[in-house]
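The chains referred to below are lettered A, B, ... by the order of the sequence lines, with proteins before strands, and numbering in each begins at 1.
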2 protein chains.
Amino acid sequence: MKENERVGSQPTIDDVARVAGVSRATAARVLGSYGYVGADTRKKVFAAAKKLAYQPNQLARSMATGRSKTIGVVIADIENLYFARAIRAITDTASAKGFAVILATTDEDIALEREAVRVLLSKRVDGLIVSPTSSIDVDHLKRARDGGCPLVLLDRRVPVLNADTFAIDNYGAAHQAVASLIAKGHQRIALVSNAPSHGEKEYLISSVRERIDGYRAALHDANIEIDPNLVVLGGWDIEKLAEKVRRLFDTPDRPSAVLATDSSVALVLLNVFRNLRLVIPDEVSLISFDDADWTAAVTPPLTVVSQPIRELAAAATEDLIARLTGETTETSRETLLQATLVVRDSVSTASAQQPSGKVKRPRKASK
Amino acid sequence: MKENERVGSQPTIDDVARVAGVSRATAARVLGSYGYVGADTRKKVFAAAKKLAYQPNQLARSMATGRSKTIGVVIADIENLYFARAIRAITDTASAKGFAVILATTDEDIALEREAVRVLLSKRVDGLIVSPTSSIDVDHLKRARDGGCPLVLLDRRVPVLNADTFAIDNYGAAHQAVASLIAKGHQRIALVSNAPSHGEKEYLISSVRERIDGYRAALHDANIEIDPNLVVLGGWDIEKLAEKVRRLFDTPDRPSAVLATDSSVALVLLNVFRNLRLVIPDEVSLISFDDADWTAAVTPPLTVVSQPIRELAAAATEDLIARLTGETTETSRETLLQATLVVRDSVSTASAQQPSGKVKRPRKASK
DNA sequence: TTGAAAGCGCTAACAA
DNA sequence: TTGTTAGCGCTTTCAA
């Protein structure tokens, strides 16, 4: 213990100034690297700072400048690999630019999302990256944005918010996937998602809505009649989803192919198919969104729609930080990245599939 | 725009006080819910606060109180499901207690870890949860702790730090897994990990070190000679690890069973085995740490060591917050949770395994 | 029960 | 080039 150090507490800029024999303002100038400072004054200050192991207090700095060098990230579920990758890209990009990341998780619960935004705002994050749970219930986001907190949307679009948006071309991706199925002769193609089924179409998160639209369009383009029963939505409830899927596939005129909107859904399907003793791709073909690391390791390796989520998230973060730094166009823009179909072995031509002992020809359909 | 609101800026407690017609101190008392305040004064203040949509500035509050209601989490890689689950449990637990979480990722790079700790400290987090990359290079952690920032270790132990630690009983878990393999008649059992191979044993992160110890002990207990070549370490490099594994298994006297220290390693093994056309469990048995969601979906379903990481992380967070709140014993303690072996179908009895056309080296032992 | 005033550690005019 | 000083928004003695 020496000089003016008080026990326990960290040294402040005043301590540094005193040890260096200069005024606080001067010390602040060299430590904050702004303004003019004489060469040897600077040296003295640095020496003092090192001697005291001075670490600037970001909190105080934030108070004074009004900027916290922190961004808030609001996302549904970090255990979902897709979001985990996003968060990883965000933290990497942010920390490379000197920003820290406060993470909040909502579990697709709008109340939690609202609360998360409130907390982040109270911590005075400089900006927000959010993947909104609802396309409708966005007042809290609007307020944040209007209150001066730059907002960037990731993965999901909310046009009314008029915010910079970074998303996948979900329509195109689904269209392409379904078209590839059709090209293989499939006609009865299902789409399975974890999203909520209740409420109006507008309530669906944009990614799922767009995938359904792409799915429909592809069928329509091929003059295949659309059977609404083939779109199954789970409402974020894995058990329920599994049950619905089981019912759909436990019939003679079951779909011959299915598109899963994310890898956790694919897992559910894999499970159901195993229980039903349906073999992929001989009896049912499968394409899933998300190139999760395990999709290539199962038997057979899964054909997937690979989404460039890392690039997307990195771009979103850079955009946000650019806005924070002021280097920005005023108008909000939307960035759409293309997904790519990674063909592996979970799709077969429909004609080669086993009708599993039943005659395929639909009779008077029994519901 | 009405009254004294300034454009853009958020209302402060002074605004509330003015609108309510009381002093700032009084307003602060009711908004911060401390001290004595008259019933109707309180009502007036609340009314004013609601009218202005007042949101307290946590930054300012932190400055004044010296506590930020934020904890820092330093972890290797969020894309690893194990850590993703940990982070999820941490954020859930923390936010339930009113704490936010700043996340930093190190990629097992000690320099990044040091930098992350520095940044978190400068943001004045109230406490730190870290899963240290090194058992040796921990000065930055020691300094943080000594500097008055409570520190809790997660998943990995560093005895010299003398910090509260929450970890799995890795020794026991590995011992049990290997013993179960031995009980099935396996003798040549490999252990494969992603951890770095260079340097001394002490450099290994504790989890892997302990698993290796448990593995050795189980072999030793069964009087099986230990072959150092059967422990392969990858150095966080997936490609290199795959190559090493390929070499190990592309020989006639390849191991008949293998223990993977995490699910990403299992993925590597699955890949290598597929290329080598080794079928599980007929030709090689596999047990992996981590009950990742996909492990039950592959063929065959994998026998795994399920680690209660969520419980562990939640307990760590609660412990940290308890320390922050002062309800704490002075001494540091260690919490060890048991892992459980989830038996599925990736292990067969050694005698049933195909020697893949080669004559098995004659051995006396057979129990 | 309330108010006045002194900080928390830093930045940023404004003077010197 | 450097120092003085007034905040940032809140908490918290100490008086009243």
Side-chain ion pair, A/R333 and A/D319, N-O less than 4.0 Å: yes
Spacing of B/R42 atom CZ relative to C/dT2 atom C1', expressed in whole Å: 13 Å
B/R18 CZ to D/dG9 P, straight-line distance once rounded to whole Å: 12 Å
Chi angles and distances behind the side chain to side chain contact (heavy atoms under 4.5 Å, CB included) call for B/D109, B/T133: CA-CA 7 Å; B/D109 179 334; B/T133 277; over 6 Å; no
A/Y34 side-chain N/O to C/dC10 phosphate OP1/OP2 under 4.0 Å: no
Atom-pair distance (OH on A/Y36; P on C/dT11), nearest Å: 19 Å
d(CG, A/D15; C1', C/dC8) in whole Å: 13 Å
Nearest-angstrom distance from the residue atom CG of B/D14 to P of C/dG3: 13 Å
Salt-bridge contact A/E79-B/R310 (side-chain N to carboxylate O under 4.0 Å): yes
B/R124 vs B/G38, nearer the 5' end of DNA chain C by closest nucleotide: B/G38
Residues within residues 55-65 of chain B bordering DNA chain D, heavy-atom distance below 4.0 Å: B/P56, B/N57, B/A60, B/R61, B/M63, B/A64, B/T65
Residue among A/V152, A/L337, A/L320, A/I129 satisfying side chain to side chain contact (heavy atoms under 4.5 Å, CB included) with A/F166: A/V152
Side-chain heavy atoms of B/L120 within contact of B/I102, under 4.5 Å: yes
Pair A/R114 + A/D137: basic N to acidic O under 4.0 Å: yes
Ion pair check, A/K44 and A/D40, cut-off under 4.0 Å: no
d(NZ, B/K69; C1', D/dG9) in whole Å: 18 Å
Pair B/D164 + B/R323, salt bridge at N-O below 4.0 Å: yes
Listing time: all N or O pairs from protein to nucleotides 3-6 of chain D that are below 3.5 Å?
unit_1 : atom_1 : unit_2 : atom_2 : d
D/dG3  : OP2    : A/S23  : N      : 2.9
D/dG3  : OP2    : A/S23  : OG     : 3.0
D/dG3  : OP2    : A/T26  : OG1    : 2.5
D/dG3  : N7     : A/R29  : NH2    : 2.7
D/dG3  : O6     : A/R29  : NH1    : 3.2
D/dG3  : O6     : A/R29  : NH2    : 3.4

Distance, rounded to the nearest Å, where A/L31 contributes CG and C/dC10 contributes P: 8 Å
Value in whole Å for how far the P atom of C/dA12 lies from CD1 of A/I13: 11 Å
Sidechain N-carboxylate O distance under 4.0 Å for A/E108, A/R156: yes
